[in-house]
Amino acid sequence: MDFAQTLLAWYPDHKRDLPWRDTPNPYHIWLSEVILQQTRVKQGLPYYVAFVELFPTVQDLANASEELVMRTWQGLGYYSRARNMHATAKIIAQAWQGNFPTTKADLIKLKGIGEYTASAIASFAFGEQVAVVDGNVFRVLSRFFGIEADISSPKGVKHFQELAKTLLPTQQSQTYNQAIMEFGALQCTPQKPNCMFCPLQAGCVAHATGKQDSLPVKTQKIKQVVYTWQWFFIK
DNA sequence: AATCCGGGGTG
DNA sequence: CACCCAGGATT
């Protein structure tokens with residue numbers, strides 16, 4: 001069984017039951033994707049529930065006050081996500097008559113929707129044949145194929161995006177995209193991946209070479225936050 | 001290409 | 001404390 005088929009077989013028995021799964025509603029999918037940017041599912045889930053409850057449709061979000069939108073986002077961080085989301089809701093409500101753009105090409109033009117999110121919405125909501133590449137996918141691919149391209153450089157990112165394209169199955173590409181991300185989140189985790197019980201173990205380069213902990217390669221300037229005893233005196 | 005944006009969990 | 005999280009925008 002090849003890479004994609006193994007993940008497709010693994011997925012049904014392991015996937016978490018999340019409210020934005022198994023829905024074709026592009027508005028709900030978009031909400032979840034924006035909320036989950038650089039945010040763990042456990043932290044984002046209650047915010048997703050709150051947004052759907054307060055703003056059932058994209059028109060409702062568009063018509064909401066900036067103050068209410070920001071207040072609902074309060075505590076999630078990366079606040080430009082909320083401002084961009086609100087602006088994009090207005091664009092979709094007006095220029096698109098409340099109907100989401102249905103292609104990655106059109107989606108990526110919207111504020112707060114980049115390469116990843118455009119691909120995710122196009123795949124999950126509209127079944128477009130595009131590979132979705134997020135932090136989970138970088139990790140799974142770099143380990144399984146033993147790729148040491150640096151994911152903090154545009155060149156490295158491109159390398160993984162090209163590889164991801166070649167792996168995309170012609171059938172069930174949408175489910176496959178969700179499967180590989182879920183696999184990265186639950187099985188091929190950043191620290192202490194569960195290699196002992198892994199359906200991809202036999203073909204995994206990182207497992208064979210013991211490089212699980214050094215992949216993916218990500219070189220980045222470490223921002224040094226200095227904590228000193230002086231803080232103690234700040235009242 | 002490098003920086004910035006952030007709260008929260010993990011080892 | 002260092003690193004990471006369903007990344008994107010700006011410089």
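Throughout, a chain's letter reflects where its sequence line sits, starting with A, and its residues are numbered from 1. Just the heavy atoms: all of them, side chains too, but no hydrogens, waters or symmetry mates, feed the values below.
- Atom CG of A/Leu110 and atom P of C/dG8 are 12 Å apart (whole Å).
- Rounding to whole angstrom units, NZ of residue A/Lys192 and C1' of C/dC4 are separated by 16 Å.
- Judged by distance alone, the side chains of A/Asp150 and A/Ser152 do bring a donor and an acceptor atom under 3.5 Å apart.
- Between A/Gln43 and A/Gly114, the residue anchored nearer the 5' end of DNA chain C, judged by the nucleotide with its closest heavy atom, is A/Gln43.
- Residue order along DNA chain B, read from the 5' end via each residue's closest nucleotide, puts A/Thr39 first among A/Lys42 and A/Thr39.
- In this structure, A/Gln38 reaches the C/dG7 phosphate: one of its side-chain N or O atoms is under 4.0 Å from OP1 or OP2.
- Between A/Val41 and A/Ile108, the residue anchored nearer the 5' end of DNA chain C, judged by the nucleotide with its closest heavy atom, is A/Val41.
- Between A/Phe100 and A/Tyr27, the ring planes lie tilted relative to each other; the angle falls in the 30° to 60° range.
- In this structure, A/Tyr47 contributes its side chain and A/Gln74 its backbone to a donor-acceptor pair below 3.5 Å.
- Contact annotation: A/Thr117 reaches the phosphate of C/dG8 (side-chain N/O to OP1 or OP2, under 4.0 Å).
- Contact annotation: side chain of A/Arg81 to base of C/dA9, donor-acceptor pair absent below 3.5 Å.
- Taking the nucleotide of DNA chain B with the nearest heavy atom to each of A/Arg83 and A/Pro154, the more 5' of the two is matched to A/Pro154.
- Under 4.0 angstrom from either OP1 or OP2 of C/dC5 there lies at least one side-chain N or O belonging to A/Arg139.
- Between the C1' atom of B/dG6 and the CD1 atom of A/Ile35 lies a distance of 15 Å, rounded to the nearest Å.
- Remark: P of B/dT10 and CD of A/Gln191 are 10 Å apart, rounded to the nearest angstrom.
- When the P atom is compared between C/dG8 and B/dG8, the two are found 22 Å apart, to the nearest whole Å.
- Note on A/Trp20: a base of the nucleic acid sits closer than 4.0 angstrom, heavy atoms only.
- The side chain of A/Glu182 has C/dA6 as its nearest neighbour among C/dA6, C/dG7, C/dA9.
- With C1' as the reference atom, B/dT3 and C/dA6 are 22 Å apart, rounded to whole Å.
- Residue-level contact check: A/Glu115 touches the backbone only, with heavy atoms under 4.0 Å from sugar-phosphate atoms and none from bases.
- If you check the side chains of A/Thr103 and A/Glu128, you find no donor sitting under 3.5 Å from an acceptor.
- Here B/dA1 presents its C1' atom at 16 Å from CD1 of A/Ile151, a figure rounded to the nearest Å.
- Rounded to whole Å, the distance from CG on A/Leu45 to C1' on C/dC5 is 15 Å.
- The hydrophobic clustering, which links ILVMFWY residues whose side-chain heavy atoms are closer than 4.5 Å, places A/Val157 and A/Phe160 together.
- Ring geometry for A/His14 against A/Trp10 counts as parallel: the plane angle stays under 30°, on a 0 to 90° scale with 60° as the upper cut.
- Atom CG of A/Leu76 and atom P of C/dA6 are 13 Å apart (whole Å).
- Rounded to a whole Å, the CG atom of A/Asn136 is 13 Å from the P atom of C/dC4.
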